[in-house]
Amino acid sequence: MSMNPSKAQDVWKDAGEHVQFTVLELNRQDQAKEQEAIQEFVDRYQAIIRSLRIRDNKGNLKASLGFSSDAWDYLFPDAPKPKELEPYHTLASEKYSMPATKGDIFLHIRANDEAVVYELISQCMLFLKDFTTVVDETKGFRYFEGRAIIGFIDGTEAPQVEDAADYAIIGDEDPFFENGSYAFAQKWRHHMDIWNKLTTEMQEKAIGRKKFSDLELPDGEKFKNAHNVTSQAKVNGVEQKIVRMNVPYSDPASGITGTYFIGYSRYWKVTKMMLENMVNKGDYLLTFSDILSGQLFFIPSRPLLDKIADGELN
């Protein structure tokens with residue numbers, strides 16, 4: 001076997017125009033029935049995606065389905081388990097924390113047309129509603145020029161598309177789970193009134209890049225806790241990368257605005273190192289943000305989804 005991105009779910013491709021993140025919790029009322037129900041759902045899920053790609057061939061539909069550590073243990077107790085799949089626990093320093101929250105099943109859907117996103121989630125819920133409860137449902141969108149909601153170009157630090165699969169997709173280090181991925185989902189709410197009162201120069205020092213041109217600032221001109229400093233992870237001096245798809249969301253009339261962070265990685269330990277650095281070094285983003293949720297999910301390869309659908313993992 002060898003890594004084959006065509007067998008992976010959509011964990012290394014574009015962030016999309018219209019986006020929805022849905023996190024669900026298993027009801028845990030009848031394990032055998034829920035195991036059977038998830039097999040049917042996974043089988044139908046892949047068929048629904050194929051159908052929608054035919055129905056709207058310009059929709060650029062992308063989708064990922066994943067399971068938390070607790071969900072994996074409950075649904076597939078006799079199956080092997082991905083090497084780095086573990087329960088996510090709250091990360092905290094004296095000043096900041098990144099809380100862990102509930103979540104068993106994760107859906108990340110994006111498309112050019114909101115109707116396609118709606119249709120996919122609606123059809124999925126026909127099968128999920130009887131044995132799950134919705135924990136969170138967040139609709140995101142592409143902001144101008146692909147910028148984050150705070151006005152800076154997003155994704156500059158992520159690997160180029162041509163190289164991204166190697167950073168997002170598990171290889172032969174974990175053969176049974178090859179072409180899977182570790183997804184960390186985290187919902188931030190920003191206090192935009194605080195951020196918007198900062199001068200552009202202050203904002204640039206906080207992010208570590210120029211706002212208009214996106215050029216990186218010299219180290220001496222950044223704050224020590226600039227976002228592009230604290231969010232780095234290095235192993236033996238070599239910077240590690242993940243695939244980030246930060247998605248803006250907002251209910252502007254009520255003043256609720258934020259970023260849904262989704263990071264796909266070949267190694268959970270890399271993403272975890274980035275998060276720990278952000279907390280311990282007091283990433284500037286944390287000074288005007290509340291983190292509302294956080295959970296780790298494993299995104300199986302498409303062939304592994306077939307095995308789940310066929311009942312081979314129970």
Side-chain angles (χ1 to χ4, degrees), residues 1-24 34-67 71 75 104-132 134 136-143 146 155 160-162 164-165 168-170 177-181 183 185 243 245 247-249 260 262 264 297-313:
M1 289 178 69
S2 60
M3 183 192 292
N4 182 348
S6 69
K7 293 184 177 180
Q9 295 192 64
D10 296 315
V11 299
W12 55 279
K13 299 175 183 176
D14 63 275
E17 300 286 329
H18 298 271
V19 189
Q20 182 157 330
F21 300 96
T22 302
V23 177
L24 306 113
E34 289 173 29
Q35 288 171 324
E36 191 177 314
I38 207 72
Q39 291 170 29
E40 182 184 7
F41 166 67
V42 169
D43 185 39
R44 297 295 191 109
Y45 167 77
Q46 297 190 90
I48 292 166
I49 290 173
R50 289 193 295 271
S51 172
L52 282 171
R53 284 176 173 157
I54 293 168
R55 290 172 64 189
D56 183 10
N57 63 357
K58 296 179 181 177
N60 196 29
L61 174 62
K62 303 280 194 304
S64 300
L65 164 67
F67 303 93
L75 294 169
D104 289 318
I105 298 171
F106 175 67
L107 284 162
H108 175 198
I109 313 298
R110 62 259 198 214
N112 293 346
D113 189 338
E114 174 68 24
V116 179
V117 177
Y118 165 81
E119 188 71 9
L120 177 51
I121 293 292
S122 296
Q123 291 196 26
C124 286
M125 290 311 296
L126 292 174
F127 300 94
L128 290 169
K129 63 181 173 61
D130 292 334
F131 65 99
T132 65
V134 177
D136 182 72
E137 183 176 48
T138 301
K139 288 183 179 295
F141 56 93
R142 184 183 186 275
Y143 198 40
Q160 287 201 176
V161 172
E162 297 85 354
I169 296 171
I170 295 167
F177 299 101
E178 198 160 36
N179 299 312
S181 184
V243 173
M245 299 183 194
V247 179
Y249 72 89
Y260 202 105
I262 173 69
Y264 289 109
F297 301 94
F298 172 68
I299 312 294
S301 67
R302 292 188 301 104
L304 189 54
L305 286 180
D306 291 336
K307 288 185 177 183
I308 291 172
D310 292 341
E312 293 181 30
L313 263 66

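Quick note: residue numbers are just sequence positions, from 1.
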Please step through side chain to side chain contact (heavy atoms under 4.5 Å, CB included) for the pair Phe106 and Ile299, ending with a clear verdict.
CA-CA 9 Å; Phe106 175 67; Ile299 312 294; 4.2 Å; yes
Can you classify the ring geometry of Phe127 versus Phe41 as parallel (below 30°), tilted (30 to 60°) or perpendicular (above 60°)?
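Judged by the thresholds at 30° and 60°, the geometry between Phe127 and Phe41 is tilted.
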Are Gln46 and Asp306 side-chain neighbours, meaning at least one heavy-atom pair lies under 4.5 Å?
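Sidechains of Asp306 and Gln46: in contact.
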Counting only heavy atoms not in Tyr118 (residues, nucleotides, ligands), do more than 12 fall under 6.0 Å from its OH?
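Atom OH in Tyr118 is not packed in, count stays at 12 or less.
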What do the steps show when you test Ile121 against Glu137 for side chain to side chain contact (heavy atoms under 4.5 Å, CB included), and what is the final call?
CA-CA 10 Å; Ile121 293 292; Glu137 183 176 48; 4.3 Å; yes
Distance (rounded to the nearest 0.5 Å) between Asn112 CG and Lys58 NZ:
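Atom-to-atom, Asn112:CG and Lys58:NZ are 11.0 Å apart.
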When you measure from the side chain of Glu17 to the backbone N and O of Arg110, does any donor-acceptor pair fall under 3.5 Å?
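Checked: no pair found.
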Kindly give the heavy-atom pair with the smallest separation between Pro300 and Ile308, and that separation in Å.
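Answer, listing the atom of Pro300 first, then Ile308: CG-CD1, 4.3 Å.
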Measure across Cys124 and Ile48 and return the closest heavy-atom pair with its distance rounded to 0.1 Å.
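So the minimum-distance heavy-atom pair works out to N-CD1, 4.2 Å.
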Are the side chains of Glu119 and Asp56 in touch, meaning some heavy atoms are under 4.5 Å apart?
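Counting from C-beta outward, Glu119 and Asp56 never come under 4.5 Å.
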Are Val19 and His108 close enough that some pair of their side-chain heavy atoms sits under 4.5 Å apart?
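Yes, their side chains come closer than 4.5 Å.
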Taking side chain to side chain contact (heavy atoms under 4.5 Å, CB included) as the criterion, tell me which of Ile170, Val11, Val243 meets it with Ser181.
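Result for side chain to side chain contact (heavy atoms under 4.5 Å, CB included) with Ser181: Val11.
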Close side-chain approach of Asp14 and Lys62, heavy atoms under 4.5 Å
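Sidechains of Lys62 and Asp14: in contact.
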Please round to the nearest 0.5 Å and tell me the distance separating atom NZ of Lys307 and atom CG of Asp310.
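Spacing of NZ (Lys307) from CG (Asp310) equals 10.0 Å.
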Backbone N or O of Ala15 within a donor-acceptor pair of the Arg142 side chain at under 3.5 Å?
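A pair under 3.5 Å: no.
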Where the side chain of Asp10 meets the backbone of Ala63, is there a donor-acceptor pair that is under 3.5 Å apart?
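Here the side-chain-to-backbone pair exists.
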If we only count heavy atoms from C-beta on, is the Thr132 to Asp104 side-chain gap below 4.5 Å?
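Result no, sub-4.5 Å side-chain heavy-atom pair not found.
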Which heavy atom of Ile169 sits nearest to which heavy atom of Pro5, and what is that distance?
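Ile169 and Pro5 have their closest heavy atoms at CD1-CA, 3.9 Å.
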Straight-line distance of Gln20 CD to Thr138 OG1, nearest 0.5 Å
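Reported value, rounded in 0.5 Å steps: 8.0 Å.
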Check whether any side-chain heavy atom of Leu24 lies under 4.5 Å from a side-chain heavy atom of Met125, and answer yes or no.
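Leu24 reaches Met125 side chain to side chain.
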On a heavy-atom basis, which atom in Ala8 and which in Arg302 lie closest, and how many Å separate them?
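The answer is O-NE, 3.6 Å.
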Under the side chain to side chain donor-acceptor pair (under 3.5 Å) criterion, do Gln35 and Gln39 qualify, and how do the steps go?
CA-CA 6 Å; Gln35 288 171 324; Gln39 291 170 29; over 6 Å; no
Answer whether the closest heavy-atom distance between the side chains of Val116 and Leu120 falls below 4.5 Å.
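Not in contact.
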Check the pair Leu313, Leu304 against side chain to side chain contact (heavy atoms under 4.5 Å, CB included), reporting the backbone distance first and the verdict last.
CA-CA 9 Å; Leu313 263 66; Leu304 189 54; 4.0 Å; yes
One pair to check against salt bridge (Lys or Arg N to Asp or Glu O under 4.0 Å): Lys139 and Glu114. What are the steps and the verdict?
CA-CA 10 Å; Lys139 288 183 179 295; Glu114 174 68 24; 3.1 Å; yes
Heavy atoms of other groups near Glu312 CD, more than 12 under 6.0 Å:
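It does: Glu312 CD has more than 12 such atoms within range.
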Take a 6.0 Å sphere around CZ of Arg44 and say whether it holds more than 12 heavy atoms from other residues, nucleotides or ligands.
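No, the 6.0 Å shell around CZ holds no more than 12 heavy atoms from other groups.
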Any sub-3.5 Å donor-acceptor pair from Asn179's side-chain atoms to Asn4's backbone N or O?
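At least one qualifying donor-acceptor pair exists.
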In the structure I gave you, are the side-chain heavy atoms of Leu107 and Leu128 within less than 4.5 Å of one another anywhere?
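When only atoms from C-beta onward are counted, Leu128 and Leu107 do touch, with a gap below 4.5 Å.
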Out of curiosity, Asp130 CG to Glu34 CD, how far, rounded to the nearest 0.5 Å?
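Reported value, rounded in 0.5 Å steps: 10.5 Å.
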Check against side chain to side chain contact (heavy atoms under 4.5 Å, CB included), Phe297 and Ser64:
CA-CA 10 Å; Phe297 301 94; Ser64 300; over 6 Å; no
Least distance between heavy atoms, Ala165 atom then Met3 atom
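Where Ala165 meets Met3 most closely, the heavy atoms are O-SD, 4.1 Å.
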